[in-house]
Amino acid sequence: MELSLKVSSREVLKPEQLPKVLQRNDTQRVTDRTYFIDGSNQGLKTIPSEILALKELEELHLENNQISEIPQDIQNLKNVKVLYLHKNKLQSLCPELGSLSSLESLDLSGNPLLYASLRVLSCLRTLRELRLYQAGLREVPSVICKSLHHLELLGLSENHLESLPEEIVNQSKLREIYLKHNQFSAFPGVLCALSNLEVIDLDHNKLKAIPDEIGNLVRLQKFYVASNNLPLLPESLSRCNKLTVLDLTQNLLHVLPPTLELLTELKEVGLSGNRLEKVPRLLCRWTALNLLYLSNTGLHGLRRSFKRLANLRFLDLSQNHIDHFPAQICSLRNLEILALDDNKITQLPSTMGSLSKLKILGFTGNDFSSFPEEIFSLVSLEKLYIGQDQGSKFTYLPENIKKLQNLKELYIENNQLEQLPASLGLMPNLEVLDCRHNLLKELPDAICHAQGLRELLLEDNLLTHLPEDLDHLVNLKVLTLMNNPMEDPPMAVCAQGNDAIWSYLRGNRIRKMMATKIQAWWRGIMVRKGCGAFEELLRARRKGKNSPKDKKGKKAAAKGKPAKRK
């Protein structure tokens, strides 16, 4: 067993002075009075006694093991400040755990903890961060909320909670609370009394309303209530004017309160999966926005004032009813990621090139009659998604694709391509090429020059053979060929994976090389015997004629002269 050890002391410890459990091959890092042990992912069934003897230890990671109990000697670690025990098999917590008087951060997530054993946590008066994610909790022990007055972070996500104890109001220093994936049908009103809260995460619950008292949380910066049943928002939310992140994804919202235009610090807003049908007018006043999610909101277009959002870097407009590319988007010069998948767009404007910082573009499932070559003006593009799982199908990919010299990933699946352009071999940065579910009959030999390729996805096409030099793509790790009528290599070879395919291609090359050498050798012999060019000999044989040498002999005999001998 090897543990990662970072040691600090004024006296440098030699490796031979350390217990074997703490030694490893890499160099010990020594600083000033800091002890750190990483024993995660080691298959430990108990905490080694050598660790429990390190009285100077300050940070201990034991997550992702098989530890079923905490030994009593845990009380020796009086200086430990950080203890991570998540994803083990702990059912109960020993009383001695409560004697860790310096402990500031404790993670017990992912353990099948018995509710009664949690009382010991109330003794950890210095605790600032407590994580109990996925611990099977149906309620939070009130004794914890009464006693732990220094908590700044409380993690209770992925449990079965329906409410919080009233005593949580004692957590006056609490800044972050995580409650997603629980069973809250009503917003925990007690949270509105915690004036220092900066982060509330209530994603994936059953909330139907947010109380007006939410406006009391004037320090709130991040508010996550995605995947609930909210039909409305309170106007008082506008008083939380320090909000930078507001996630309302997958709710029942039709409109937003006009007062929310006061939330001018917002940088990330999620509205996807609501029933808006129009872009809220106030949204165009959130000019600090960097990320905006408007997928599946019933939009047919954008407001003219949308171009005010000049700081946008990410825009998701997928799964809407947009039938033309909104010209306002071309004004968003800082845009880096644009998703317009699953709309009804038929053509692109010539001004696309103004999006000079765009790196990722999604156009899957639209109604282009042919490949939109306006995309080639996006010189910074690194990823292009233009597969057509719905909408019109492309029958060709233009040679000008080579203009996208920075392109790393090209997804053009679910089309009707019969061939690929040879210019793909001139794209040195191309790493992923997804051509699944097309009508490809062959690959261009030039594809073997695309030395950056890591993934080549070709299943469900009409391929019968591969370029003979495809194994020259030394970086190619993923090659998929299922549902192709492969003959060369045969499907039985393809099914064995890349190594078998490469071996087959190399063998083919060697056989062809040998055949060429034999042919050249035979041609040389025939020429040296005076039989003329090898091709001439073959033609003569096919016609049943003699060789030029035999003809000379016959002519000489007819004149009564002996044929010349060599």
Side-chain angles (χ1 to χ4, degrees), residues 316 318-319 337-343 345 358-368 370-373 375-376 378 380-467 470-486 491 494-495 497-498 501:
D316 185 358
S318 58
Q319 299 177 39
I337 301 174
L338 173 61
L340 274 161
D341 306 278
D342 299 324
N343 278 281
I345 298 172
L358 200 66
K359 295 180 179 179
I360 301 176
L361 176 61
F363 270 139
T364 297
N366 277 280
D367 289 330
F368 299 109
S370 61
F371 191 95
E373 299 200 25
I375 290 176
F376 299 149
L378 301 172
S380 296
L381 205 61
E382 296 179 3
K383 296 182 183 181
L384 174 59
Y385 299 82
I386 199 159
Q388 296 298 88
D389 51 335
Q390 63 183 33
S392 303
K393 307 282 187 180
F394 299 129
T395 56
Y396 80 101
L397 180 62
E399 290 283 348
N400 278 343
I401 189 76
K402 65 185 178 183
K403 290 185 177 181
L404 300 178
Q405 283 291 295
N406 289 306
L407 199 66
K408 295 180 179 179
E409 300 181 18
L410 175 59
Y411 299 86
I412 194 161
E413 73 282 7
N414 291 299
N415 278 288
Q416 295 179 351
L417 301 177
E418 294 187 7
Q419 60 184 17
L420 295 176
S423 60
L424 288 173
L426 302 175
M427 302 176 70
N429 293 306
L430 192 62
E431 297 177 0
V432 178
L433 179 57
D434 185 352
C435 299
R436 295 170 298 159
H437 316 299
N438 274 283
L439 302 174
L440 297 176
K441 296 178 180 177
E442 62 179 358
L443 297 179
D445 290 336
I447 198 75
C448 302
H449 300 305
Q451 287 296 311
L453 267 181
R454 293 185 294 104
E455 297 183 22
L456 182 55
L457 311 180
L458 297 166
E459 62 252 43
D460 192 21
N461 276 282
L462 301 174
L463 296 171
T464 57
H465 64 280
L466 296 176
L470 195 66
D471 61 309
H472 290 176
L473 296 176
V474 295
N475 294 308
L476 193 64
K477 304 300 180 187
V478 179
L479 173 63
T480 60
L481 291 164
M482 295 81 78
N483 296 324
N484 280 281
M486 291 299 300
M491 202 62 224
C494 296
N498 284 17
I501 294 172

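This chain uses plain numbering: 1 for the first residue, then up along the sequence.
- No option in L457, D434, D389 other than D434 meets the side chain to side chain contact (heavy atoms under 4.5 Å, CB included) test with E413.
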Report the C-alpha separation of I501 and D471 in whole Å, then their side-chain angles, then the decisive distance to 0.1 Å, and conclude whether the side chain to side chain contact (heavy atoms under 4.5 Å, CB included) test is met.
CA-CA 8 Å; I501 294 172; D471 61 309; over 6 Å; no
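- Closest non-hydrogen pair, L462 versus N484, comes out as N-OD1, 3.3 Å.
- No donor-acceptor pair under 3.5 Å is formed between the side chain of N400 and the backbone N or O of F376.
- A heavy-atom distance below 4.5 Å is not found between the side chains of L384 and L378.
- For L358 against I337, the heavy-atom pair with the smallest separation is CD1-N, 3.8 Å.
- In summary, the side chains of H437 and N414 do not present any donor paired with an acceptor at a separation below 3.5 Å, with no hydrogens or angles considered.
- By the 4.5 Å heavy-atom criterion applied to side chains, L440 and C435 are counted as neighbours.
- The environment of CD in E409 is crowded: more than 12 heavy-atom neighbours from other residues, nucleotides or ligands sit within 6.0 Å.
- The distance from atom CG of L407 to atom CD of E382, rounded to the nearest 0.5 Å, is 8.5 Å.
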With salt bridge (charged side-chain N to carboxylate O under 4.0 Å, His left out) as the criterion, how do R454 and E431 come out once you've worked through the C-alpha distance, each side chain's angles and the decisive distance to 0.1 Å?
CA-CA 5 Å; R454 293 185 294 104; E431 297 177 0; 3.0 Å; yes
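- Considering CD of E455 and CG of L476, their distance stands at 8.5 Å, rounded to 0.5 Å.
- A distance of 11.5 Å separates OG1 in T364 from CG in N343, rounded to the nearest 0.5 Å.
- Using a distance-only test at 3.5 Å, with no hydrogens or angles considered, a donor-acceptor pair links the side chain of Q405 to the main chain of L426.
- Taken to the nearest 0.5 Å, the CZ atom of R436 stands 13.0 Å off from the CD1 atom of I412.
- The structure places CG of L404 at 10.5 Å from OG of S380, a figure rounded to the nearest 0.5 Å.
- Between the side chain of T480 and the backbone N or O of L458 there is at least one donor-acceptor pair closer than 3.5 Å.
- Between F371 and F394, the ring planes are tilted. Angles from 30° to 60° get that label.
- Rounded to the nearest 0.5 angstrom, N406 CG and M427 CE are separated by 9.0 Å.
- When all heavy atoms of L470 and L456 are compared, the closest pair comes out as CD1-CD2, 4.5 Å.
- Although no hydrogens or angles enter the test, the distance criterion places a donor-acceptor pair under 3.5 Å between the side chain of E399 and the main chain of S423.
- A donor-acceptor contact shorter than 3.5 Å is absent between the side chain of N475 and the backbone of L453.
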When you look at Y385 and I360, which way does the side chain to side chain contact (heavy atoms under 4.5 Å, CB included) test go after all the steps?
CA-CA 8 Å; Y385 299 82; I360 301 176; 3.9 Å; yes
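- Q451 places a side-chain N or O within 3.5 Å of a backbone atom of H472 that can act as its donor or acceptor partner.
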Kindly indicate, with the supporting measurements, whether the criterion side chain to side chain contact (heavy atoms under 4.5 Å, CB included) is fulfilled by N415 and L397.
CA-CA 10 Å; N415 278 288; L397 180 62; over 6 Å; no
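- Across all non-hydrogen atoms, the minimal contact from Q388 to F363 is OE1-O, 3.6 Å.
- Under the side chain to side chain contact (heavy atoms under 4.5 Å, CB included) test applied with P485, the options L463, N461, T464 reduce to a single match, T464.
- L420 and P444 make their closest contact through O-CG, 3.7 Å (heavy atoms, listed as atom of the first residue, atom of the second, distance).
- Between the D367 side chain and the I345 main chain, no donor and acceptor come within less than 3.5 Å of each other.
- Proximity of a side-chain donor or acceptor of D316 to a complementary backbone N or O of S318 within less than 3.5 Å is detected.
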Begin with the C-alpha distance, continue with both residues' side-chain angles, and end with the deciding distance and a verdict on side chain to side chain contact (heavy atoms under 4.5 Å, CB included) for I375 and I386.
CA-CA 11 Å; I375 290 176; I386 199 159; 3.9 Å; yes
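- Across every non-hydrogen atom of D341 and G362, the tightest pair is OD1-C, 3.2 Å.
- Put simply, the side chain of D342 never gets that close to the backbone of Q319: no donor and acceptor are under 3.5 Å apart.
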